[in-house]
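The block underneath contains the structure these notes are about, expressed in structure tokens.
Predicted model only: the values in this text are computed from it and were never measured. Quick note: numbers below take in every heavy atom, side chains included, and nothing from hydrogens, waters or symmetry partners. Numbered from 1 within each chain, the chains take letters A, B, ... in sequence-line order.
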Protein chains: 2
Amino acid sequence: MIPRAAKTQRRTRIQEEKEEKILEAALDVFSAYGFRGATIDQIADAAGMSKPNLLYYFRTKEAIHRALLDRMLFTWLEPLRAFDPQGNPESEIRSYIRRKLEMSRDFPRESRLFANEILQGAPHIEDELKGPLKALVDEKAQVIRAWAKAGKIAPCDPYHLIFSIWATTQHYADFDVQVQAVLGDKAGGGRFEDAARFLEDLFMHGLAIK
Amino acid sequence: MIPRAAKTQRRTRIQEEKEEKILEAALDVFSAYGFRGATIDQIADAAGMSKPNLLYYFRTKEAIHRALLDRMLFTWLEPLRAFDPQGNPESEIRSYIRRKLEMSRDFPRESRLFANEILQGAPHIEDELKGPLKALVDEKAQVIRAWAKAGKIAPCDPYHLIFSIWATTQHYADFDVQVQAVLGDKAGGGRFEDAARFLEDLFMHGLAIK
DNA sequence: CGATAAATTGACCGATTGGTAAAAGCTTAC
DNA sequence: GTAAGCTTTTACCAATCGGTCAATTTATCG
């Protein structure tokens, strides 16, 4: 009856397909309207199924939202996790910026889902922010601080450095409409490369690297 | 009957007070939930009046939202407008960053209202973005480009520079929950000054100023 | 004061919200 | 096949949504 508690403990092929389809549709809707602004009917429509059918796979609106956030939070922190204390500051920071920027380009909906959640007070992921996220940032902040102490980069507040990289890279996903409106038809093709070059330069010179 | 079209063309004292109270309450609600996530009942509650009474002053939910956006958009662009082509790059950019950061500190709800609107595709202010905003940015971009050509700052894409300043400064208002979660109790007092110092350093060194 | 206009309210409307009940249709394993 | 369980649908629910209405209360002004 209830798929997630099926006797078999195994998920059917149909289950996997439908849940995937629902999450895909839900990502569209939640990222565009936030949790409260999104409706189950809208998601069901986008997923091409009836509302009761959707609610057969996810019992509540919150359950869909939570599933999306869980899946997203992991991949979202991947670039920061990949930050290597053994690497040299230049390539590490440079590739971190690039990876975050690539995520904004390739997964703008995920970025907006996250932004909506934070913007509205992070009611569903407060614990994840104060727990795992904070721990990871603390760890990487120590790495950056060590680099500064070793004279490899200019001394700076590592937390605000990380915030700045987050802000500037995610800006291109979250505020895309504004970016498009301001840039107009200018450099329609190489926009990503332009942003990457600018941000890498900014942070490299800003940190007195090279 | 309808206050905004009163015979007198003048607004009563009561009208001004109540409209102010409504906009104040609406700012709370819209900035926290976005347009679709906010409800009139909620705003009426927060404003301490009945829903029909609120609708006596603003005919629709959209009217309240639009009034908020109009008022906000003007002040929001003030710092960029104050950007002085005659001034020297260092003090202009430095004070622009500081002013934007002060706005994030002093008017976080306005920042989030704007962020919500952009995030959700800017359905209500698309024209303002493509019109007045773009024009203003184009103008200031020319100034920055001239500074670069004159060798006063390192050559860089002025648009992405402006985007970066927007992103980093507004981040402290829009993503406040995340910033709080990561920083914890650290430097509870001087947080604003820390951010200001970091950002000014970053952009000054990034632009090879001084 | 009295009269006229402005402000406020409770009752209400149709549409939409998140979600449920139950029965019908469909797969799968034996 | 057939029976068991999985999937889907139709019909429906109470609550809430944005908004209206008529009637009442309150402020303003000569």
Side-chain angles (χ1 to χ4, degrees), chain A residues 1-23 25-26 28-30 32-69 120 123-124, chain B residues 1-26 28-30 32-69 116 120 123-124:
Chain A
M1 270 227 175
I2 295 159
R4 262 164 285 89
K7 281 181 186 170
T8 57
Q9 296 284 35
R10 276 204 163 283
R11 292 161 76 229
T12 321
R13 189 206 48 178
I14 294 182
Q15 271 173 41
E16 277 194 54
E17 284 175 9
K18 290 296 169 82
E19 286 181 12
E20 191 50 44
K21 208 166 188 183
I22 291 169
L23 290 178
D28 266 340
V29 178
F30 279 128
Y33 299 108
F35 180 73
R36 289 190 39 162
T39 74
I40 299 182
D41 296 80
Q42 227 177 333
I43 299 171
D45 270 3
M49 64 180 71
S50 67
K51 180 166 61 172
N53 196 12
L54 182 149
L55 287 165
Y56 170 71
Y57 292 102
F58 293 91
R59 266 194 276 256
T60 64
K61 184 181 172 184
E62 282 218 28
I64 314 174
H65 193 242
R66 158 130 331 248
L68 270 182
L69 284 178
Q120 312 199 350
H124 306 98
Chain B
M1 268 230 176
I2 295 159
R4 263 165 284 85
K7 281 180 185 172
T8 57
Q9 295 285 34
R10 277 206 162 282
R11 293 163 71 231
T12 321
R13 189 208 64 214
I14 293 182
Q15 272 173 40
E16 277 193 53
E17 285 176 10
K18 289 297 168 81
E19 287 182 10
E20 192 49 45
K21 208 165 189 185
I22 291 169
L23 290 177
E24 169 67 21
D28 267 341
V29 179
F30 279 128
Y33 300 109
F35 180 74
R36 290 191 36 163
T39 74
I40 300 182
D41 296 80
Q42 225 177 333
I43 299 171
D45 270 3
M49 64 181 71
S50 66
K51 180 166 62 171
N53 196 13
L54 181 149
L55 287 165
Y56 170 70
Y57 292 102
F58 293 91
R59 265 194 276 256
T60 64
K61 183 182 172 182
E62 283 218 27
I64 314 173
H65 193 242
R66 160 133 326 252
L68 270 181
L69 283 178
N116 259 309
Q120 312 199 349
H124 306 98

Taking only nitrogen or oxygen atoms into account, show me every contact under 3.5 Å that the protein makes with nucleotides 17-24 of chain C, one pair per line with its distance.
| from | atom 1 | to | atom 2 | distance (Å) |
| --- | --- | --- | --- | --- |
| dG18(C) | OP1 | Ala38(A) | O | 3.2 |
| dG18(C) | OP1 | Lys61(A) | NZ | 3.1 |
| dG18(C) | OP2 | Ile40(A) | N | 3.0 |
| dG18(C) | N7 | Lys51(A) | NZ | 3.0 |
| dG19(C) | OP2 | Lys61(A) | N | 2.8 |
| dG19(C) | O6 | Lys51(A) | NZ | 3.4 |

Between atom [atom1] in [X] and atom [atom2] in [N], what is the gap in whole Å?
| X | N | atom1 | atom2 | result |
| --- | --- | --- | --- | --- |
| Met49(B) | dG10(C) | CE | P | 14 Å |
| Ile43(A) | dT16(C) | CD1 | P | 17 Å |
| Lys21(A) | dT8(D) | NZ | P | 10 Å |
| Leu54(B) | dG10(C) | CG | C1' | 16 Å |
| Lys18(B) | dT9(C) | NZ | C1' | 12 Å |

Can you find a side chain N or O atom of [X] that sits less than 4.0 Å from OP1 or OP2 on [N]?
| X | N | answer |
| --- | --- | --- |
| Tyr57(A) | dT8(D) | yes |
| Tyr56(A) | dT7(D) | yes |
| Ser50(B) | dT9(C) | yes |
| Asn53(A) | dT7(D) | no |

Task: Heavy-atom closest pair, residues Tyr33(B) and Gln120(A) - done: O-NE2, 3.4 Å
- [ ] Work out which heavy atom in Ala67(A) is nearest to a heavy atom in Leu23(A); give both atom names and the distance.
- [x]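 Of all heavy-atom pairs spanning Ala67(A) and Leu23(A), the closest is CB-CD2, 3.9 Å.
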TODO: Indicate yes or no for a side-chain donor-acceptor contact from Lys61(B) to the backbone of Ala38(B) under 3.5 Å, with no hydrogens or angles considered.
DONE: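 Confirmed, Lys61(B) side chain pairs with Ala38(B) backbone.
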Open item on the list: Counting only side-chain heavy atoms from C-beta out, which of dT9(C), dA6(C), dT7(D) sits nearest to Gln15(A)?
Closed with: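 From the listed options, dT7(D) comes nearest.
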Task: Given Asn53(A), Leu55(A), Ile64(A), the one that forms side-chain contact (heavy atoms from CB on, under 4.5 Å) with Ile22(A) - done: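 Option passing the side-chain contact (heavy atoms from CB on, under 4.5 Å) with Ile22(A): Ile64(A).
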Open item on the list: Tell me every residue that passes side chain to side chain donor-acceptor pair (under 3.5 Å) with Glu62(A), counting only those two or more places apart in sequence or in another chain.
Closed with: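 Testing Glu62(A) for side chain to side chain donor-acceptor pair (under 3.5 Å), a comparison that skips the adjacent residues, returns none.
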TODO: Tell me, please, which residues at least two apart from Phe35(A) pass ring-ring contact (aromatic ring centres under 6.0 Å, His included).
DONE: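 By the ring-ring contact (aromatic ring centres under 6.0 Å, His included) rule, Phe35(A) matches Phe30(A), His65(A), His124(A).
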